[in-house]
Amino acid sequence: MGKIRVGTRGSKLALRQAAMVQEALRRVDSRIETEIVVIHTKGDKILDKPLADIGDKGVFVSELEQALFAGRIDIAVHSAKDLPMELARGLCIAAVLPRGDVRDVLVVPKEGRLPYPGQGDGRTFVVGSGSRRRQAQAVQMWDNVVCKDIRGNVDTRLRKLKDGGYDGIILAKAGLDRLGIGLEEEDEFMFLPLPPGQFLPAACQGIIVAEAVRDSSVAALCRQMTDEKTEQCFLVERELLARLSADCSESAGAWCRQEEGHLVLDAMYAENRQRLTCKAETEAGLEMAERIAKSLRDAQHASMRFHLQDETE
């Protein structure tokens with residue numbers, strides 16, 4: 001096999017994640033040669049709109065898939081939470097790397113203030129986030145929070161926070177860890193991890209995947225990089241989103257993990273939450289995801305009927 005071309009977006013985080021895939025490939029076979037190929041996606045080019053308003057479920061994926069079909073790259077590296085529910089026909093998830101930290105992190109200036117779970121001093125606390133899931137949970141967790149959209153890579157968002165456009169921003173812990181952000185920046189910022197049981201992450205947050213042409217020799221090679229426990233959680237969380245017909249722009253969250261020999265799944269859709277456990281088997285986990293999704297859909301429909309009736313009375 002010749003040099004493997006690894007396609008990625010061009011941000012620092014995307015390049016670091018592509019490097020992690022290169023390292024995983026070399027652990028499979030130290031003789032493997034790789035090359036990074038940067039692909040600019042729609043989500044990287046349109047920075048003046050919230051992701052939910054762009055109207056494309058594959059804003060960080062489509063151009064990478066086109067490059068796979070064109071033969072310009074052999075592997076496309078993605079943050080799993082950015083994947084649309086349906087991949088382009090003929091492609092597959094060839095590898096699922098070990099999961100990083102699932103938590104979200106509230107970042108505030110070192111001398112800044114914190115949001116309040118109660119009324120506090122009555123002052124508004126502006127949180128920067130373009131995620132509907134994060135926005136919904138932030139206003140539930142803290143009474144004085146209002147949310148304001150923010151776009152850009154991690155460095156850009158930290159700079160906007162430092163410049164005073166926000167009182168705090170919410171970022172993924174796994175991304176901060178991969179970039180090595182946290183320790184050196186403690187003179188400027190406080191990094192406050194949010195418990196995932198209270199502040200649910202996005203489905204598949206912290207997971208890196210490699211996409212390839214189905215049944216190709218590269219896909220078979222990538223399969224050897226897969227972490228089976230992470231893949232199991234990846235499949236369960238993806239199944240939940242599929243059953244909800246929800247994509248990464250909606251207010252949906254999921255956290256699947258193994259506890260004492262069982263799979264545990266926490267999930268949210270809009271303001272509703274559920275938790276279920278099952279045997280630690282993938283098929284049982286997929287059935288659990290289906291059951292939770294039905295329950296969340298039913299709860300959401302009931303809530304919508306209640307609000308509609310309330311408005312007409």
Side-chain angles (χ1 to χ4, degrees), residues 1 4-9 13-14 16-25 27-28 32 34 36-37 39 41 43 56-100 102 172 174-175 178 201-248 252 254-257 263 265 281-283 285-286 289-290:
M1 184 179 295
I4 296 176
R5 295 160 298 173
V6 180
T8 177
R9 296 163 57 200
L13 178 56
R16 173 59 194 137
Q17 293 181 164
M20 292 171 69
V21 170
Q22 288 180 300
E23 293 161 9
L25 280 168
R27 285 194 293 271
V28 170
I32 291 175
T34 60
I36 295 291
V37 179
I39 306 292
T41 69
D56 187 338
K57 294 183 180 181
V59 292
F60 294 123
V61 175
S62 297
E63 286 84 352
L64 285 158
E65 290 187 331
Q66 292 167 16
L68 281 170
F69 283 126
R72 291 191 286 133
I73 59 175
D74 303 298
I75 298 172
V77 178
H78 306 291
S79 292
K81 68 182 181 66
D82 292 335
L83 287 174
M85 286 317 305
E86 292 188 14
L87 304 180
R89 187 184 299 273
L91 301 180
C92 69
I93 298 302
V96 181
L97 272 59
R99 191 171 209 165
V102 302
R178 288 164 187 160
C204 306
Q205 183 159 303
I207 300 175
I208 299 168
V209 297
E211 186 180 19
V213 175
R214 187 181 301 277
D215 298 326
S216 65
S217 57
V218 172
L221 178 67
C222 286
R223 182 67 196 162
Q224 298 178 60
M225 301 189 297
T226 290
D227 179 82
E228 292 183 359
K229 286 187 177 181
T230 299
E231 183 182 44
Q232 184 181 49
C233 295
F234 168 80
L235 293 172
V236 170
E237 292 174 19
R238 291 270 291 172
E239 180 72 10
L240 176 82
L241 290 186
R243 295 289 178 173
L244 287 172
S245 298
D247 60 38
C248 59
W255 176 38
C256 181
R257 68 275 187 200
L263 280 180
L265 176 61
E281 300 170 358
T282 300
E283 289 304 316
L286 297 178
E290 181 181 0

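Everything numeric in this text was worked out from a predicted model, so none of it was measured.
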Give the C-alpha distance, both sets of side-chain angles, the deciding distance and a yes or no for side-chain contact (heavy atoms from CB on, under 4.5 Å) between V21 and L97.
-> CA-CA 8 Å; V21 170; L97 272 59; 4.1 Å; yes
Working to the nearest 0.5 Å, report the span between [atom1] of [X] and [atom2] of [Y].
X	Y	atom1	atom2	value
C233	I207	SG	CD1	7.0 Å
H78	L87	NE2	CG	7.5 Å
T282	E228	OG1	CD	9.0 Å
L91	E65	CG	CD	5.5 Å
L25	M225	CG	CE	4.5 Å
E211	L83	CD	CG	6.5 Å

Could you pull out all residues at least two apart from [X] that satisfy side-chain contact (heavy atoms from CB on, under 4.5 Å)?
X	answer
Q22	V6, A19, R26, T34, I36
E290	R243
R257	W255, E259, V264, D266, R275
A220	none

Between [X] and [Y], which heavy-atom pair has the shortest distance, and what is it?
X	Y	answer
L263	G285	CD1-CA, 3.8 Å
L241	A252	CD2-CB, 4.1 Å
A212	S216	CB-OG, 4.4 Å
G206	A174	CA-CB, 3.8 Å
L240	A289	CD1-O, 3.6 Å
C222	A95	O-CB, 3.3 Å

Side chain to side chain donor-acceptor pair (under 3.5 Å) with [X]: which residues, sequence neighbours excluded?
X	result
T230	D227
R16	E23
R223	E231
R178	Q17

Apply side-chain contact (heavy atoms from CB on, under 4.5 Å) to the pair T8 and I39, showing each step before the final yes or no.
-> CA-CA 6 Å; T8 177; I39 306 292; over 6 Å; no
Given side chains that start at C-beta, do those of E283 and L286 come closer than 4.5 Å, heavy atoms only?
->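 They are in contact (side-chain heavy atoms under 4.5 Å apart), so the answer is yes.
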Partners passing salt bridge (charged side-chain N to carboxylate O under 4.0 Å, His left out) against E281 (at least two apart in sequence or in another chain) = none
Could you list the residues that satisfy salt bridge (charged side-chain N to carboxylate O under 4.0 Å, His left out) with E237, not counting sequence neighbours?
->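 Partners of E237 by the salt bridge (charged side-chain N to carboxylate O under 4.0 Å, His left out) criterion, ordered by chain and then number, come out as R99.
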Sidechain-backbone polar pair: S79 side chain, D82 backbone, donor-acceptor under 3.5 Å |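 It does not hold such a pair.
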Please tabulate, for the side chains in residues 67-75, all donor-acceptor contacts under 3.5 angstrom to protein atoms that are two or more places apart in sequence or on a different chain.
{"unit_1": "D74", "atom_1": "OD1", "unit_2": "R5", "atom_2": "NH2", "d": "3.1"}
{"unit_1": "D74", "atom_1": "OD2", "unit_2": "R5", "atom_2": "N", "d": "2.7"}
{"unit_1": "D74", "atom_1": "OD2", "unit_2": "R5", "atom_2": "NE", "d": "3.1"}

Scan for salt bridge (charged side-chain N to carboxylate O under 4.0 Å, His left out) pairs involving residues 83-93, sequence neighbours excluded, and state none if there are none.
->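 Passing the test, one end in residues 83-93: no pairs.
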